[in-house]
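So that the names make sense, note that chain A is the first sequence line, chain B the second, and so on, each numbered from 1.
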There are 2 protein chains.
Amino acid sequence: MAFIGGAWTPNILWYLSTGPRRFSELRGDIPLVSAKVLTQRLRELEDHGLLSRRVLESAAPSVEYALTPLGQEFLPVIRAIALVGQKLKDRAVA
Amino acid sequence: MAFIGGAWTPNILWYLSTGPRRFSELRGDIPLVSAKVLTQRLRELEDHGLLSRRVLESAAPSVEYALTPLGQEFLPVIRAIALVGQKLKDRAVA
DNA sequence: CAGTATCCATTTCGATACTG
DNA sequence: CAGTATCGAAATGGATACTG
């Protein structure tokens with residue numbers, strides 16, 4: 001749980017599950033998260049080996065994050081969470 | 001995540017997944033948790049409808065907790081977490 | 001763009017002591 | 001047994017401002 005317990009951590013993994021994303025893209029994916037907290041979570045996930053950080057060489061600074069094989073191991077957890085969330089939402093609507 | 005994010009929450013659901021358990025049994029299952037925090041988590045889960053609380057009529061006070069149908073919906077999440085945890089542990093040993 | 005630095009408010013947790 | 005009450009320490013989060 002320590003790996004995915006932090007705030008927004010499941011969301012980050014979720015958005016990275018379809019492929020690499022840049023910092024600003026992730027911010028857009030999760031509008032409520034502040035840059036500070038997003039950075040914190042990304043660092044944690046990186047330190048735990050769940051994702052990789054790659055600085056893109058270009059005129060404008062750009063950093064791309066991607067799931068590592070280890071990070072992919074957590075996708076079933078994320079999907080299970082998403083599934084329950086969906087179920088509950090459906091129930092609330094119905 | 002708010003439902004299972006709290007400390008020890010996954011553990012509680014895990015131990016209840018095989019059937020109802022009493023307060024003291026849960027304390028034994030998770031030795032590091034204090035009575036206060038355990039109570040807090042149980043109350044939360046109860047308030048969210050994930051588990052039920054039943055006071056057993058007997059000489060000695062006894063309270064039994066059990067998963068509700070809603071609580072059972074979360075078991076896939078818990079199992080997914082447990083699976084990853086197991087995998088990581090195996091890897092650490094190997 | 002991709003962060004870092006600070007500050008502050010809130011939450012949370014553990015330890016301890018006490019109760020019906 | 002199954003809690004509750006209280007306290008203090010620590011972690012966590014958001015807002016804001018600033019940097020290479």
The salt bridge (charged side-chain N to carboxylate O under 4.0 Å, His left out) partners of B:E25 (sequence neighbours excluded) come to none
From CG of A:D29 across to P of C:dA2 the rounded distance in Å is 12 Å
Residue pairs meeting salt bridge (Lys or Arg N to Asp or Glu O under 4.0 Å), one or both in residues 10-20 of chain A, sequence neighbours left out, come to none
When every non-hydrogen atom of B:A35 is compared with those of B:R27, the smallest separation belongs to CB-NH1, 3.4 Å
Taken to the nearest whole Å, CZ/B:R22 to P/D:dG3 is 11 Å
Think B:R43 has a side-chain N or O under 4.0 angstrom from the OP1 or OP2 of D:dT4?
yes
Pairing string of DNA chain D (Watson-Crick or G-U wobble, both atom distances under 3.5 Å; | = paired to other strand) is ||||||||||||||||||||
Atom OH of B:Y65 and atom P of D:dC1 are separated, to the nearest Å, by 14 Å
By salt bridge (charged side-chain N to carboxylate O under 4.0 Å, His left out), B:E73 pairs with (sequence neighbours left out) A:K87, A:R91
Are OP1 or OP2 of D:dA2 and a side-chain N or O of B:S62 less than 4.0 angstrom apart? yes
To the nearest angstrom, the CG-C1' distance between A:L26 and C:dC1 comes to 13 Å
Heavy atoms of B:G6 and B:P10 approach each other most closely as O-CD, 3.8 Å
Between CD of A:E44 and P of C:dG3 the distance, given in whole Å, is 15 Å
To the nearest angstrom, the CD-P distance between A:E64 and C:dG3 comes to 12 Å
Side chain to side chain donor-acceptor pair (under 3.5 Å) pairs touching residues 7-19 of chain A, sequence neighbours excluded, are none
When you compare the protein's N or O atoms with those of nucleotides 13-16 of chain D, which come within less than 3.5 Å of each other, and at what distance?
{"unit_1": "D:dG13", "atom_1": "OP1", "unit_2": "A:A7", "atom_2": "N", "d": "3.4"}
{"unit_1": "D:dG13", "atom_1": "OP1", "unit_2": "A:R41", "atom_2": "NH2", "d": "3.4"}
{"unit_1": "D:dG13", "atom_1": "OP2", "unit_2": "A:R41", "atom_2": "NH2", "d": "2.4"}
{"unit_1": "D:dG14", "atom_1": "N7", "unit_2": "A:K36", "atom_2": "NZ", "d": "3.2"}
{"unit_1": "D:dG14", "atom_1": "O6", "unit_2": "A:K36", "atom_2": "NZ", "d": "2.1"}

Those residues at least two apart in sequence (or on a different chain) that pass salt bridge (charged side-chain N to carboxylate O under 4.0 Å, His left out) with A:R53 are none
Kindly say if A:R53 contacts the phosphate of C:dG3, meaning a side-chain N or O under 4.0 Å from OP1 or OP2.
yes
Rounded to whole Å, the CZ-P distance (A:F23 to C:dA2) equals 7 Å
Contacts of B:F23 meeting ring-ring contact (aromatic ring centres under 6.0 Å, His included) (sequence neighbours excluded), chain-then-number -> none
Taken in chain and number order and not counting sequence neighbours, the residues that satisfy salt bridge (charged side-chain N to carboxylate O under 4.0 Å, His left out) with A:R22 are none
Atom CG of B:N11 and atom P of C:dC13 are separated, to the nearest Å, by 13 Å
Taking D:dG3, C:dA2, C:dG20 as options, the one with an atom nearest any side-chain atom of B:P61 is C:dG20
